[in-house]
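Throughout, protein chains are lettered first and strands after them, A, B, ... in sequence-line order, and every chain is numbered starting at 1. Computed over heavy atoms, backbone and side chain alike; hydrogens, waters and symmetry mates excluded.
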Protein chains: 2
Amino acid sequence: MQQEDFLPAITAHLIEAARANDGKAPSERDLAEKFQVSRGLVREALAILEAMQVIERRAKSGIYVNDGIGGIEAMAFFARIGLPLENRQIFEAVEVRKIHEIKAAELAASRANDENYARLRDVLARSEDRLRQGEGLDKLDQEFHLEIVRATQNTVFLNICTSFYALSHNRLQVYFRSPERNRRSHEEHQQIFDALLRRDASLASALMVSHLRGAMSYWSEILEPPPAGA
Amino acid sequence: MQQEDFLPAITAHLIEAARANDGKAPSERDLAEKFQVSRGLVREALAILEAMQVIERRAKSGIYVNDGIGGIEAMAFFARIGLPLENRQIFEAVEVRKIHEIKAAELAASRANDENYARLRDVLARSEDRLRQGEGLDKLDQEFHLEIVRATQNTVFLNICTSFYALSHNRLQVYFRSPERNRRSHEEHQQIFDALLRRDASLASALMVSHLRGAMSYWSEILEPPPAGA
DNA sequence: CCTCACAATCTGGTCAAACCAGAATTACCG
DNA sequence: CGGTAATTCTGGTTTGACCAGATTGTGAGG
């Protein structure tokens with residue numbers, strides 16, 4: 001059994017089987033037979049799932065799937081194994097980005113140092129190049145936003161945002177297929193950078209607000225109507 | 001070997017051993033002997049570590065420790081295995097809490113539903129009980145704050161905050177050893193709840209600001225001076 | 001002495017068979 | 001029908017083995 005697909009497969013199976021059995025999943029031995037692998041392999045997968053708090057293993061009792069599969073680890077995990085976020089979660093994710101980045105822009109304006117400016121310039125320069133070559137911003141957009149978070153000098157904050165953005169990456173790629181959107185996005189990045197250079201916190205956050213508003217309205221066009229107050 | 005301490009122990013050993021050997025960790029068999037456990041146990045731990053991107057296992061070659069151990073998974077992991085955050089990161093974590101919760105209070109004021117109110121009331125009632133019995137708020141504080149996030153109806157946001165708060169839990173317990181702080185914290189929770197009931201977003205967020213300011217000043221007393229602009 | 005090819009060794013990946021002790025279930029007796 | 005004793009089941013852990021590529025060691029030839 002190629003380990004590649006094993007974890008996703010067994011996860012899906014566990015969740016499905018548990019749903020139909022009061023949260024209790026099949027035994028390790030059953031799983032091993034079901035997937036035609038040794039019990040050791042199953043246990044390795046289960047160890048990961050347990051560490052991610054997706055399941056709970058109770059000695060001499062059984063395996064139980066946590067109902068509220070929560071935690072960023074689980075999210076990162078789902079992203080890694082390819083389970084797409086629900087449409088609703090995309091809006092929620094954008095809202096979280098707004099919460100994070102508007103504040104990040106504000107803080108960065110007062111805390112950014114020379115290295116931060118250099119990094120931002122570098123990202124913008126590479127963005128310029130890509131656009132000149134008719135290519136999409138792609139990951140460079142993410143890089144730009146993360147550099148702003150980095151400029152807050154808050155490493156915990158940066159860690160959170162880094163992990164979080166990795167999740168939405170798949171979806172964002174769609175956004176950057178349009179040349180106009182790419183150019184407009186780049187221009188807004190430039191403006192935000194200028195605001196940071198001037199250490200104008202309120203302007204930076206205001207620009208970020210409208211920048212992200214664009215993303216939100218884009219998703220509104222593509223997807224189903226957004227949730228109530230987002 | 002009690003599994004309780006195994007993961008932390010083996011992790012520390014891996015990181016240390018790898019640092020002195022060009023990133024390469026001891027073999028599974030060596031680790032098994034070193035910790036007096038079976039190779040299967042070692043492999044389970046390694047599977048978790050690999051899923052968390054702390055290490056990389058190359059077939060027929062060896063185990064390599066990733067140098068830039070980053071990402072929220074790693075953070076959550078370190079918290080779980082008991083490695084304390086640096087003092088500086090505590091300030092950063094509090095700042096992140098501020099970013100999250102001030103906005104959460106604002107959003108919750110307009111989005112909270114009856115179930116949210118009921119949950120918040122429940123937490124407050126239990127807090128009341130504990131205080132009456134002379135015990136500290138302990139986890140109830142965390143519960144209260146998470147319920148506010150839940151009231152934003154943003155599940156992605158809730159996921160992030162849930163994982164994140166698990167990190168600071170160890171440290172927060174210190175805070176709630178003081179009876180005065182407990183009572184004052186509880187009163188502020190009550191006030192925030194009232195603001196949410198009145199759907200007064202600006203009041204709710206303002207109260208949250210001062211509530212968290214208390215925590216920040218507490219840490220300032222206990223720990224080294226805070227970083228520049230936090 | 002150096003180089004290159006071959007052989008022994010080491011490594012992670014995987015499997016199989018057992019034993020343990022407590023949980024869960026079944027069977028049986030009153 | 002109720003309750004207890006016997007049995008099955010479950011996760012936890014260990015041992016030992018085999019595979020195939022990566023690594024290392026060795027020795028012959030230049």
Side-chain angles (χ1 to χ4, degrees), chain A residues 1-67 69 80-81, chain B residues 1-67 69 80-81:
Chain A
M1 166 72 70
Q2 59 284 37
Q3 195 214 332
E4 183 71 39
D5 306 326
F6 184 48
L7 195 53
I10 200 171
T11 306
H13 183 70
L14 280 174
I15 292 177
E16 186 183 2
R19 210 188 316 262
N21 192 24
D22 198 30
K24 184 164 185 176
S27 73
E28 297 180 349
R29 291 166 176 87
D30 286 348
L31 291 169
E33 186 172 9
K34 167 84 180 176
F35 288 94
Q36 285 294 295
V37 295
S38 69
R39 211 181 136 205
L41 264 283
V42 171
R43 281 191 62 79
E44 245 180 88
L46 293 179
I48 295 173
L49 260 10
E50 186 178 46
M52 290 174 167
Q53 308 190 31
V54 174
I55 64 170
E56 187 181 331
R57 294 190 285 184
R58 294 186 205 148
K60 291 121 197 178
S61 171
I63 301 161
Y64 301 83
V65 174
N66 288 147
D67 45 359
I69 304 176
R80 203 173 304 136
I81 67 178
Chain B
M1 165 75 68
Q2 60 283 40
Q3 196 214 330
E4 183 72 36
D5 306 326
F6 184 48
L7 194 54
I10 200 172
T11 306
H13 183 70
L14 280 174
I15 293 178
E16 184 182 3
R19 204 179 331 250
N21 192 24
D22 199 31
K24 184 163 184 179
S27 73
E28 297 180 350
R29 290 168 175 86
D30 286 348
L31 291 170
E33 186 173 10
K34 167 84 180 176
F35 288 93
Q36 286 294 294
V37 294
S38 68
R39 209 181 137 205
L41 264 284
V42 170
R43 280 191 63 78
E44 244 180 87
L46 294 179
I48 295 173
L49 261 9
E50 186 178 46
M52 289 175 169
Q53 309 193 30
V54 174
I55 64 169
E56 188 181 330
R57 295 190 285 184
R58 294 184 205 148
K60 293 122 198 178
S61 171
I63 301 161
Y64 302 83
V65 174
N66 288 146
D67 45 359
I69 305 175
R80 203 173 305 132
I81 66 178

Checklist entry - With sequence neighbours left out, what residues match A:Glu56 under salt bridge (charged side-chain N to carboxylate O under 4.0 Å, His left out)? => result A:Arg58

Next on the checklist: From the set D:dT13, D:dG11, C:dG13, return the single nucleotide nearest to any side-chain atom of A:Ile63.
Outcome noted: D:dG11

Measure [atom1]/[X] against [atom2]/[N] and give the value in whole Å, please.
| X | N | atom1 | atom2 | answer |
| --- | --- | --- | --- | --- |
| A:Ile48 | C:dG13 | CD1 | C1' | 14 Å |
| A:Phe35 | C:dC15 | CZ | P | 13 Å |
| B:Asn21 | D:dT23 | CG | P | 13 Å |
| B:Arg43 | C:dT11 | CZ | C1' | 10 Å |
| A:Arg39 | D:dC9 | CZ | C1' | 11 Å |
| B:Glu33 | C:dT11 | CD | P | 12 Å |
| B:Leu41 | D:dG12 | CG | C1' | 8 Å |
| B:Gln36 | D:dT15 | CD | P | 9 Å |

When rounded to the nearest 0.5 angstrom, what is the spacing between [atom1] in [X] and [atom2] in [Y]?
| X | Y | atom1 | atom2 | result |
| --- | --- | --- | --- | --- |
| B:Glu28 | B:Asp30 | CD | CG | 10.5 Å |
| A:Ile15 | A:Asn66 | CD1 | CG | 10.0 Å |
| B:Ile63 | B:Leu49 | CD1 | CG | 9.5 Å |

Checklist entry - Looking at B:Ser38, does any N or O in its side chain come under 4.0 Å of the phosphate oxygens OP1/OP2 on D:dT15? => result no

Checklist entry - Can you check whether A:His13's main-chain N or O pairs, donor with acceptor, with A:Glu16's side chain at less than 3.5 Å? => result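 Such a contact is absent between A:Glu16 side chain and A:His13 backbone.
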
Checklist entry - DNA chain D: A:Gly62 or B:Arg29, which has the more 5' nearest nucleotide? => result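 Looking at DNA chain D, the more 5' nearest nucleotide goes with A:Gly62.
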
Next on the checklist: Testing the basics here: between A:Arg39 and A:Arg29, what is the closest heavy-atom pair and its distance to 0.1 Å?
Outcome noted: NH1-NH2, 3.3 Å

Next on the checklist: Under 4.0 Å, counting only non-hydrogen atoms across every strand here, what does A:Leu46 touch: a base, just sugar-phosphate, or nothing?
Outcome noted: nothing

Item to check | Side chain proximity check, A:Phe6 to A:Val42, heavy atoms < 4.5 angstrom | outcome: yes

Distances for protein N or O near nucleotides 21-24 of chain C N or O, under 3.5 Å:
| unit_1 | atom_1 | unit_2 | atom_2 | d |
| --- | --- | --- | --- | --- |
| C:dA23 | O4' | A:Lys60 | O | 2.9 |
| C:dA24 | OP1 | A:Ser61 | OG | 3.4 |

